[in-house]
Participant: 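This structure is in structure tokens; I'll ask about it shortly.
Just so you know, these numbers come straight off a predicted model, no measurement behind them.
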Amino acid sequence: MRDRKKLKLRKFYFHPITVFIVMSLIVVLLSAILSLFEMQSTYNTVNINTHELESKIVAVENMLSFDGMKFIISNAATNFISFAPLGMLLISLIGICIAEATGFIEVFSKKYLRKLSHTQLTFIVVFLATISSLINEIGYAILIPLVAMMYQSIGRNPLTGIVTAFSGVAFGYGVSLFVGSMEVALMDSTKAAASLIDNNIHISLTSNLFFIIVASIILTVIGTIIIEKIVSPRLGKYKEREDISKTEELRIIDLEEEQQHKIERQKKEKRGLCFSLITFFVVIIIFIYMIVPSLPNSGMLLDMKETTYLGQIFGDNSYFQDGFTYMMSLLFLFMGIAYGIGAKSVKNDRDMIEKAGGYFSKIGNIIILLFVVSQFIAIFKKTNIGTIITAWFANLIEYLGFSGIPLILLVLILIAISNLFLTTPSAKWTIFSPVVVPLFMQSNISAQFAQIIARVGDSMTNGITPLLACFVIYIGYLNIYNFDKNKPITITRAIKLVSPYFGIISVVWILLVIGWYILGLPIGPGVYPTI
């Protein structure tokens, strides 16, 4: 009997850019089909000024129609330029790349981070990533590229750093050690919805403060365990590519001269780090002065039209929030320049800029990916499919009429699922709150606790939906640091990398919410899960 060779089909890996283009075409075709069947939904919103319900009908927009194609073609440039991750990433990279070009990031990482154990470093990254949602999506734009550089500098797998930073931000979004942008995004809708039951209810920005502080600590601990025990072993150890052109040769080394060079280099590095540390404190003091009111020429970054300080610093028109990415970029830029001057690691400004530009050349694929993803998300949003699905879920909650723990679980799960299609927290809560908040209050559950369910449901599935705008930064950087260019990291694999984090953290979130409700612990100053 002849031996038959087994034919193996070569597995083909589609690049994420190709996949997003195909997904865009599918959405266009799907919108035409659903529009043909007149897919639509009705939902209520609460007028913030009159506190009255307003009914809205939303239908699927056909993107294959004349108007749909006109939107796709005429808004391509606008969709790209206004795409939030584009500006945030480019601005943050200016400062980070200067700091990398002067050698600051590498020397800082090797001198301080290498002394930490893997667990300690992971804990720090997860913690910073989790609380970064204090200021919108800053964690995605700053931490992902920064952590990747640092991990590579100390010989750890940069892919592990990217997954760690992304998971911490995405699955911990909305929790922090203090109130932030999430409160501002949700509070108005919560107040308006609560007024349908109690017109005199008071909901403050600190209503969820105790819960988010405890949650940030718990998520950091659990997240560290997930990364160290599950994710990191799967990704394996990082190995630098060896220069195969090296040949063995006998050399006579002047050990004394070599030692002298080492001492001089360390002296320069120490001076550079000292310069950067001084610069750090100077810049931070200036930034703090900009958010302190009632001092001479202070409060530059505050929205003085707001009546409360929290509103001034975290409000919709806060200059602090809008400019925070630029501020962090400036911090790294000044620290990098200070290090370069102190350590004499760059010859002049041209040398520094050329080195920084070399890193920017690596992100060419990300720019293309950003363009494609910006079109995909804009097209999907225009179809209204996400809004319709969210409205269906809101109507389902009202129809089922659950109460107590079943109601909490139902709302939590449906908000988490709807987040796969409508990722903006305020947009979802505008639809859910007129249904959820009154039902909670009628079940003796506080409106403030309903707001916690909104933020928890949102964070549970943030990291597994390609419709999350900053998902593009995550998958883009995975492919930058993926050495096997013949095997790009696909969307499926990118999601698979964070799936252990998603699964375990989802269970933790559910147990935390239900446990808090049963124990009746305060969720904020003078605020409890029940009325």
Participant: Donor-acceptor pair, S189 side chain versus S433 backbone, under 3.5 Å?
Facilitator: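 It does not hold such a pair.
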Participant: Can you see whether Q448 engages N208 through a side-chain donor-acceptor pair at a distance of less than 3.5 angstrom?
Facilitator: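 Per modelled atom types, Q448 and N208 side chains form no pair under 3.5 Å.
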Participant: For residues V169 and T130, determine if any side-chain heavy atom of one lies less than 4.5 Å from a side-chain heavy atom of the other.
Facilitator: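 Of all side-chain heavy-atom pairs linking T130 with V169, none is under 4.5 Å.
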Participant: Using a 3.5 Å distance criterion without hydrogens, assess whether the side chain of T102 forms a donor-acceptor pair with backbone atoms of Y339.
Facilitator: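 Side chain of T102 to backbone of Y339, a donor-acceptor pair under 3.5 Å: no, none is there.
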Participant: How far does CD1 of I452 sit from OG1 of T190, to the nearest 0.5 angstrom?
Facilitator: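 The distance works out to 10.5 Å.
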Participant: Which heavy-atom pair separates P16 from I475 by the least distance, and what is that distance?
Facilitator: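 Where P16 meets I475 most closely, the heavy atoms are CG-CD1, 3.6 Å.
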Participant: Kindly indicate, with the supporting measurements, whether the criterion ring pair (Phe, Tyr, Trp, His ring centres under 6.0 Å) is fulfilled by F471 and Y474.
Facilitator: CA-CA 5 Å; F471 185 87; Y474 165 58; 5.6 Å; yes
Participant: Fit a plane to each ring of F166 and Y140, take the angle between them on a 0 to 90° scale, and name the class: parallel (under 30°), tilted (30 to 60°) or perpendicular (over 60°).
Facilitator: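 The rings of F166 and Y140 sit tilted, inter-plane angle from 30° to 60°.
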Participant: Determine whether F324 and L301 make a side-chain contact, defined as any pair of heavy atoms from C-beta on separated by less than 4.5 Å.
Facilitator: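 Answer no - side chains too far apart.
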Participant: Nearest 0.5 Å please: distance from the CD1 atom of I489 over to the CG atom of N482.
Facilitator: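 Between atom CD1 of I489 and atom CG of N482 there are 4.0 Å.
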Participant: Kindly indicate whether the side chain of I162, heavy atoms from C-beta on, has any atom under 4.5 Å from the side chain of V147.
Facilitator: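 Not touching, per the 4.5 Å side-chain cut-off.
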Participant: So do the side chains of I284 and L331 get within less than 4.5 Å of each other, counting heavy atoms only?
Facilitator: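 Side chain of I284 against side chain of L331, heavy atoms only: contact under 4.5 Å found.
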Participant: With respect to W429, which candidate in D188, D458, I415 satisfies the side-chain contact (heavy atoms from CB on, under 4.5 Å) definition?
Facilitator: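 Answer to the side-chain contact (heavy atoms from CB on, under 4.5 Å) test with W429 among D188, D458, I415: I415.
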Participant: Should the heavy atoms of other residues, nucleotides or ligands under 6.0 Å from CZ of F287 be counted, would the total exceed 12?
Facilitator: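 Counting neighbours around CZ of F287, more than 12 heavy atoms of other residues, nucleotides or ligands fall under 6.0 Å, so yes.
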Participant: Compare every heavy atom of P466 with every heavy atom of I377, then report the nearest pair and how far apart it is.
Facilitator: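 Closest approach of I377 to P466: CD1-O, 4.5 Å.
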Participant: Okay, side chain of W509, backbone of F171: is any donor-acceptor separation there less than 3.5 Å?
Facilitator: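 Checked: pair present.
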Participant: I need the minimum non-hydrogen distance between M352 and A101, along with the two atoms involved.
Facilitator: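 In this case the closest contact between M352 and A101 is O-CB, 3.7 Å.
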Participant: So, Q375 and S24: side-chain donor and acceptor under 3.5 Å apart, yes or no?
Facilitator: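 No, no side-chain donor-acceptor contact under 3.5 Å.
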Participant: Check A99 against F332 and note the closest heavy-atom contact, atom names and distance.
Facilitator: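 Answer, listing the atom of A99 first, then F332: CB-O, 3.7 Å.
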Participant: Quick check: do P522 and V527 have side-chain heavy atoms less than 4.5 Å from each other?
Facilitator: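 No, too far: nothing below the 4.5 Å cut-off.
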Participant: Minimum heavy-atom separation for S329 and G95, please, with both atom names.
Facilitator: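 Where S329 meets G95 most closely, the heavy atoms are OG-N, 3.0 Å.
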Participant: Would F80 and I367 count as a side chain to side chain contact (heavy atoms under 4.5 Å, CB included) here? Give the steps.
Facilitator: CA-CA 10 Å; F80 181 51; I367 300 299; 4.3 Å; yes
Participant: If we ignore hydrogens and angles and just use 3.5 Å, is the side chain of N157 paired with the main-chain N or O of G236 as donor and acceptor?
Facilitator: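 Flag set: sc N157 to bb G236 pair under 3.5 Å.
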Participant: Please report the interatomic distance CG(L422) to CD1(I431), rounded to the nearest 0.5 Å.
Facilitator: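 Answer rounded to 0.5 Å: 6.0 Å.
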Participant: Looking at I495, I464, N462, which hits side-chain contact (heavy atoms from CB on, under 4.5 Å) with F502?
Facilitator: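 With F502 as partner, side-chain contact (heavy atoms from CB on, under 4.5 Å) holds for just one option, I464.
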Participant: Sub-3.5 Å donor-acceptor pair from the side chain of T465 to the main-chain atoms of L420, do we have one?
Facilitator: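 Yes: the side chain of T465 pairs with the backbone of L420.
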Participant: I'd like to know if the side chain of N75 and the backbone of F71 have a donor-acceptor N/O pair within less than 3.5 Å.
Facilitator: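 Confirmed, N75 side chain pairs with F71 backbone.
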Participant: With the side chain counted from C-beta on, respond yes when I212 and F178 share a heavy-atom pair under 4.5 Å apart, and no when they do not.
Facilitator: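 Answer no - side chains too far apart.
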Participant: State, with a plain yes or no, whether a side-chain heavy atom of L302 is found less than 4.5 Å away from one of I291.
Facilitator: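 SC-SC contact between L302 and I291 confirmed.
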Participant: Rounded at 0.5 Å granularity, tell me how far OG1 in T325 sits from CG in L90.
Facilitator: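 Rounded to the nearest 0.5 Å, the OG1-CG separation comes out at 11.5 Å.
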Participant: Tell me, with the steps shown, if F20 and I491 meet side chain to side chain contact (heavy atoms under 4.5 Å, CB included).
Facilitator: CA-CA 9 Å; F20 275 109; I491 295 175; 3.5 Å; yes
Participant: List the steps and the verdict of salt bridge (charged side-chain N to carboxylate O under 4.0 Å, His left out) for R156 and E228.
Facilitator: CA-CA 12 Å; R156 283 200 71 179; E228 288 300 315; 3.4 Å; yes
Participant: How far does CZ of F376 sit from CG of N79, to the nearest 0.5 angstrom?
Facilitator: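 That separation rounds to 13.0 Å.
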Participant: Quiz question: by atom type and distance under 3.5 Å, do the side chains of T424 and S426 form a donor-acceptor pair?
Facilitator: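 Judged by distance alone, the side chains do not pair up.
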Participant: Carefully, step by step, assess V456 and L412 under the rule side chain to side chain contact (heavy atoms under 4.5 Å, CB included).
Facilitator: CA-CA 7 Å; V456 170; L412 183 58; 3.5 Å; yes
Participant: Looking at S92 and A141, would you say the former's side chain and the latter's main chain have a donor-acceptor pair under 3.5 Å?
Facilitator: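 Pair found, side chain donor or acceptor close to backbone of A141.
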Participant: Could you check whether any side-chain heavy atom of V498 comes within less than 4.5 Å of a side-chain heavy atom of V163, counting everything from C-beta outward?
Facilitator: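 Side-chain contact under 4.5 Å: yes.
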Participant: Quick one: CG on L273 to CD1 on I278, what's the gap to the nearest 0.5 Å?
Facilitator: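 The distance works out to 11.5 Å.
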Participant: Taking CD in E354 as the centre, count heavy atoms belonging to other residues, nucleotides or ligands within less than 6.0 Å. Is the count above 12?
Facilitator: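 No - once you tally the heavy atoms of other residues, nucleotides and ligands closer than 6.0 Å, there are 12 at most.
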Participant: Donor-acceptor check, side chain of T206 to backbone of L209, threshold 3.5 angstrom: yes or no?
Facilitator: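 No; judged by distance alone, with no hydrogens or angles, the pair does not exist.
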Participant: Are the side chain of S176 and the backbone N or O of I131 linked by a donor-acceptor pair below 3.5 Å?
Facilitator: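 Yes.
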Participant: For the residue pair T461 and N419, confirm or rule out a side-chain donor-acceptor distance under 3.5 Å.
Facilitator: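 On atom types as modelled, these side chains qualify, holding a pair under 3.5 Å.
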Participant: Show me the side-chain donor-acceptor pairs of residues 103-111 shorter than 3.5 Å, one per line, residues at least two apart or across chains.
Facilitator:
from, atom 1, to, atom 2, distance (Å)
E106, OE2, K110, NZ, 2.9
S109, OG, I105, O, 2.6

Participant: When you look at F281 and L277, which way does the side chain to side chain contact (heavy atoms under 4.5 Å, CB included) test go after all the steps?
Facilitator: CA-CA 7 Å; F281 284 115; L277 181 64; 3.5 Å; yes
Participant: Does the pair E183/R455 count as a salt bridge with the N-to-O cut at 4.0 Å?
Facilitator: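 A salt bridge links E183 with R455.
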Participant: Please report the closest heavy-atom contact between S276 and M335, naming both atoms and the distance.
Facilitator: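 Shortest heavy-atom separation between S276 and M335 comes out as CB-O, 3.6 Å.
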Participant: Is it the case that the side chain of S167 and the backbone of T164 share a donor-acceptor pair, with hydrogens and angles ignored and the cut-off at 3.5 Å?
Facilitator: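 No; judged by distance alone, with no hydrogens or angles, the pair does not exist.
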